[in-house]
Amino acid sequence: YRHSSQYRFWSFSKERLREKRVNTNKIAADTIYKNILDFKNQQDLTQEQLDVLDARTQPLSVDDELKLINFYAKKVQVISQHLNLPTEIIATSISFFKKFFLENSVMQYDPKSLVHTTIFLACKAENYFISVDSFAKKAKPNREAILKYEFKLLESLKFSLLIHHPYKPLHGFFLDIQNVLHGKVDLNYMGQTYDKCKKKITEAILTDVVYLFTPPQITLAILMIEDEALITKYLELKFSVNSEKKNNDTISFSTLLTIINDCKSFIQ
Amino acid sequence: NTIPRFKLDEKLYSDPFIKDLENRKEFVASGFRTDYVYERVLTEAFM
Amino acid sequence: EYTKEKKVGEGTYAVVYLGTKQSTGRQIAVKEIKTSEFKDGLDMSAIREVKYLQEIQHDNVIELVDIFMAYDNLNLVLEFLPSDLEVIIKDRSILFTPADIKSWMLMTLRGVHHCHRNFILHRDLKPNNLLLSPDGVIKVADFGLARAVPSPHEMLTSNVVTRWYRAPELLFGAKHYTSAIDIWSVGVIFAELMLRIPYLPGQNDIDQMEVTFRALGTPTDKEWPEVSSFGSYNKLQIYPPPSIDELRKRFIAASENALNFMCGMLTMNPKKRWNAIECLESEYFKEMPPPSDPSEIK
């Protein structure tokens, strides 16, 4: 995982994440101020016009941006669900969209014009190829609109297209829980838990949790939300078994539990 | 380093979805292997 | 930072230049991805190359040094690899030994193993995608057909891998294949290194089945359950698998372990075919001669 582009380019602390957003917003705001200054210099505006101009052209704050980005990220989810795309491709579309607006401001690129491009590139990146024409037929905007920012999107993604989502870890833990709690878990119950957690993962990836925690940690946090007793029991048994061989690569149970609880409260 | 970082024991897993695939003709003929599926999702979980 | 000094190749979706990384003087190759031609935006091969090379860092896989946009073109900066195994096999003036072959197979399998343990299928292994660095190290290259190991229920296209290196399950049109298809390709490459001519050169997809099964026997349900369920199975000519003596005669220079190693990779039933770890841990790599030091190979 540490070799993955997801870890190398897209893992941040909360502080770093905030800093990035402030920086992206500032770059866009500075550009706007500069453009307005140029505009003022080219026109001879009355004082009243100047006052109106200053009052009306306030750049968005970081939080305004975040509201817009989250609003349109939800649209990406709804549209890609409407297109009947597989769960992981919906997740990749959302991830591409959110990352684009970590690197760019909504004041530079209208989020509406990235919605379909992110879904289209996600389909290509996940080998779920839909030609742009058939995509445009299903998804409304014309092919030029879809392709217009494909390059810019790829560049903003730092060319990292392989994303590890929490879904496969969910399947993995579904199996390993059966192994560690062998004979002590009801399989039907596990199946229902699995389905509920899958839905919760799709909601969770709309938040910043994907930048702050690894996919398995997100999965364990969501499992913990679903059934704290089961997961605590599972982790206790799993790590107590390992505790005999105290060596450097054994993950410390208490550290992991702290991380999972942090992640859990963040998601909640 | 080919030593696996975790134990994979197929007998312990009851995964109706995968079990069903394992018996389908086109999966058997293609060389489909449940241990590869389990290894994949367990690796992603323990990564 | 990067210069493009000499055009060295042109493919369907890219032009390749030799160049230099200015800050270090390192020789590099720049793969300039043409973009205007494609009506669906960025070409899928380019997307795949970018996607998988970004995730893989291994001594036996080509290194993606950098990526940048310039004049509306996507440029992949790759390590400079002046030759490939196809050139070596074809050039009769180059003599190589069983130890050299063993070294190339070891490096190839290490690179393939690294892809497989990252759950990436290469899907186009062949001699000219096994490039050689100036110090003789083999690097798996060209991830334009690669893909992540699919989710279990996903359907895959069987129209992958260059024909001569295509595994039997692909020839039958399988849709749920595994990393075993890459191992088959490595097996055919091994045979070709020993023979110095293509081992299974089919003229077309139908002939490819004919050539493959004439050389290695037509699979039956006995050793490959459900193989007869493939649509194209019934039209097949039934050939017996070659005896070990016939194989010995065909591959005179090969030791018993080398033949065993080859047969492991060319096992018809993909489920029983050796995987990369079984290949790497086989007796072939433990017996004399040891693999040559890549930098010593002429």
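Each chain gets a letter, A, B and so on, in the order its sequence line appears, and its residues count up from 1.
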Quiz item: Contact part of His182(A) toward chain B, heavy-atom cut-off under 4.5 Å: side chain, backbone, both or neither?
Solution: side chain

Quiz item: Of all of Val41(B), Thr43(B), Ile18(B), Asp15(B), which one pairs up most often with chain A through heavy atoms under 4.5 Å apart?
Solution: Val41(B)

Quiz item: What's the spacing between Lys238(A) NZ and Phe46(B) CZ if we round to 0.5 Å?
Solution: 4.0 Å

Practice problem: Under 4.5 Å heavy-atom distance to chain B, tell me which part of Leu175(A) shows up: side chain, backbone, both or neither. | Solution: both

Quiz item: How about Lys233(A): does its NZ atom have over 12 heavy atoms from other parts shown lying under 6.0 Å from it?
Solution: no

Practice problem: Work out which heavy atom in Pro216(A) is nearest to a heavy atom in Ala45(B); give both atom names and the distance. | Solution: CB-O, 3.1 Å

Practice problem: Could I get the full list of ring-ring contact (aromatic ring centres under 6.0 Å, His included) partners for Tyr13(B), not counting sequence neighbours? | Solution: Tyr38(B)

Quiz item: So with a 6.0 Å cut-off around OH of Tyr7(A), is the heavy-atom count from everything else above 12?
Solution: no

Exercise. Inspect the surroundings of NZ in Lys19(B) and state if more than 12 heavy atoms from other residues, nucleotides or ligands are less than 6.0 Å away.
Key: yes

Quiz item: Phe6(B) and Asp176(A): side chain to side chain contact (heavy atoms under 4.5 Å, CB included), yes or no, with the steps?
Solution: CA-CA 10 Å; Phe6(B) 57 85; Asp176(A) 197 46; over 6 Å; no

Quiz item: Is it true that a side-chain atom of Gln178(A) and a backbone atom of Ser14(B) form a donor plus acceptor pair closer than 3.5 Å?
Solution: yes

Practice problem: Take atom NZ of Lys20(A) as the centre, draw a 6.0 Å sphere, and report whether it contains more than 12 heavy atoms from other residues, nucleotides or ligands. | Solution: yes

Quiz item: For the candidates Phe174(A), Tyr194(A), Tyr1(A), which exhibits the highest count of non-hydrogen atom pairs separated by less than 4.5 Å from chain B?
Solution: Tyr1(A)

Quiz prompt | Pairs of heavy atoms under 4.5 Å with chain B: top-ranked of Gln217(A), Met190(A), Lys168(A) | solution = Lys168(A)

Exercise. Please look at Tyr167(A) and chain B and tell me whether the side chain, the backbone, both or neither of the residue comes under 4.5 angstrom of a heavy atom of that chain.
Key: neither

